[in-house]
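Proteins come first, then strands; the chains are lettered A, B, ... in the order of their sequence lines, and each starts at number 1. All values below come from the heavy atoms of this structure, side chains included, with hydrogens, waters and symmetry mates left out.
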2 protein chains.
Amino acid sequence: MQLYYLHADYQMNTKTVTAANTKLINTRQQIVEYSADMLRANGFEGFSYLDISRHLGITKASVHHHFPKKVDLGLALCDWTQDWFEQGLSHFDARATSNWNKLERYVRAAMKHSLNEHKLCPISAFYSDLNKLPDSIKERVKALDDYELDWVTAVMQDGIDNDEFAPNQDPRALASLFIFSCKGALYYARLHGKDLFHQTMKQFEHLLKSS
Amino acid sequence: MQLYYLHADYQMNTKTVTAANTKLINTRQQIVEYSADMLRANGFEGFSYLDISRHLGITKASVHHHFPKKVDLGLALCDWTQDWFEQGLSHFDARATSNWNKLERYVRAAMKHSLNEHKLCPISAFYSDLNKLPDSIKERVKALDDYELDWVTAVMQDGIDNDEFAPNQDPRALASLFIFSCKGALYYARLHGKDLFHQTMKQFEHLLKSS
DNA sequence: GTCTATAGCTAGATAGAC
DNA sequence: GTCTATCTAGCTATAGAC
């Protein structure tokens with residue numbers, strides 16, 4: 001009886017907490033996800049608490065309840081990006097049929113919806129207003145960049161070691177060349193369309209494998 | 001005597017007009033040049049008439065006298081960029097010792113002060129707030145991009161024709177790969193320093209000449 | 001050409017009721 | 001957790017005096 005009572009109480013508490021958490025998580029998540037969309041389209045300074053509140057049908061004050069300062073939201077967006085990135089990479093590492101295929105899959109994921117909706121890749125989206133970002137966010141962005149560069153470098157290294165890519169090349173320089181090309185192309189695609197983007201990837205593949 | 005009088009009168013008018021024009025041109029030019037600096041650092045939405053007025057020691061209203069709407073200032077910045085670009089290219093075309101040297105000179109000019117002052121190249125600076133730009137400016141930016149791409153393509157073509165670059169490559173795809181790499185690297189350099197930038201250029205040169 | 005003054009709107013942020 | 005109300009500050013832009 002006492003046990004049942006405790007149990008019921010526990011359930012109730014759990015339920016209450018769960019319900020509260022669910023609501024909390026939902027609103028919070030909706031804020032983060034809409035913000036991530038806006039970030040990729042317009043940069044961190046390109047959307048406001050008013051935009052978010054209108055999209056979710058709540059007030060600005062409610063948004064501030066979840067993220068008191070905008071820098072808090074910015075850091076949550078860094079977390080979101082990191083999750084997106086880690087989940088993607090483990091996926092590609094498991095399924096890719098070759099090193100080039102890994103890069104292809106990565107690019108395809110980063111570009112998903114980007115080309116049609118004039119959005120940037122999640123990591124480089126912060127670069128739009130880089131000079132105006134708080135230092136705490138800059139540091140996170142830098143870490144995300146390094147993480148990405150490390151992964152691409154490892155793919156290049158493996159490709160060179162296994163004679164998939166041409167020998168005698170610096171894998172890190174190749175990796176940065178690849179990343180810069182992709183992101184530059186994505187910037188251009190917003191104004192010039194995707195043809196040039198695909199064409200550039202093809203050219204890179206040719207250079208990578210035959211030089 | 002009459003002649004002298006007329007001459008004097010003419011001089012005076014000329015002087016007045018010249019002085020007025022000089023002042024006009026100076027203020028106007030100062031606005032454009034400071035705006036160009038800010039554009040390259042923070043994007044078109046990243047500076048305001050208040051910033052300009054403070055920098056020049058005049059009021060916002062005076063800035064509006066020269067550029068009634070901000071889109072007018074934006075179009076003037078497109079003109080400024082076009083001038084910068086055309087002057088540069090004729091300079092490189094005249095002095096470069098090889099096609100690769102042309103590209104090197106172009107990159108060096110575009111990067112001048114950029115790397116140390118965290119600025120972007122003048123053409124791609126508009127990309128920071130691309131989705132928020134008025135259509136009239138977007139069109140101008142697109143035209144500037146095409147102009148740049150045409151020039152680099154011609155350099156690549158000439159390099160291939162003269163056996164300076166590896167044969168059997170699509171000069172336009174090479175050109176876009178080059179441009180994307182440069183601009184992507186410049187974005188990165190704002191946060192990661194210039195080493196990666198120079199390293200990437202070296203890698204590109206290797207790929208271009210030996211593939 | 002430059003100024004003062006002002007308009008209307010939006011930004012990020014906070015206090016306190018419910 | 002959401003609301004109303006409010007704050008300070010910034011934004012683009014205009015009217016009209018000097």
| task | Only one of D145(B), D79(B), D135(B) passes salt bridge (charged side-chain N to carboxylate O under 4.0 Å, His left out) with R140(B); say which it is. | result | D79(B)

| request: List the protein contact pattern of nucleotides 3-15 of chain D with one symbol per nucleotide (5' to 3'): B for base contact, S for sugar-phosphate-only contact, - for none; contact means a heavy-atom distance under 4.0 Å. | output: BB------SBBBB

| request: Classify the ring geometry between W151(B) and Y106(B) as parallel (under 30°), tilted (30 to 60°) or perpendicular (over 60°). | output: perpendicular

| In terms of the angle between their ring planes, are Y188(B) and H192(B) parallel, tilted or perpendicular, with boundaries placed at 30° and 60°? | parallel

| said: If the cut-off is 4.0 Å, is T27(B) near the phosphate of dG1(C), judged by side-chain N/O to OP1 or OP2? | reply: no

Could you give the [atom1]-to-[atom2] distance, from [X] to [N], as a whole number of Å?
X      : N       : atom1 : atom2 : result
H66(A) : dA13(C) : NE2   : C1'   : 16 Å
H65(A) : dC18(C) : NE2   : P     : 18 Å
I52(B) : dT2(C)  : CD1   : C1'   : 16 Å

| message | Looking at K183(A) and E148(A), is any side-chain nitrogen of the basic one under 4.0 Å from a carboxylate oxygen of the acidic one? | response | yes

| query | Just wondering, are more than 12 heavy atoms of other shown residues or ligands nearer than 6.0 Å to NZ in K202(A)? | reply | no

| said: Would you say the rings of F197(A) and F180(B) are close, in the sense that their centroids are separated by under 6.0 Å? | reply: no

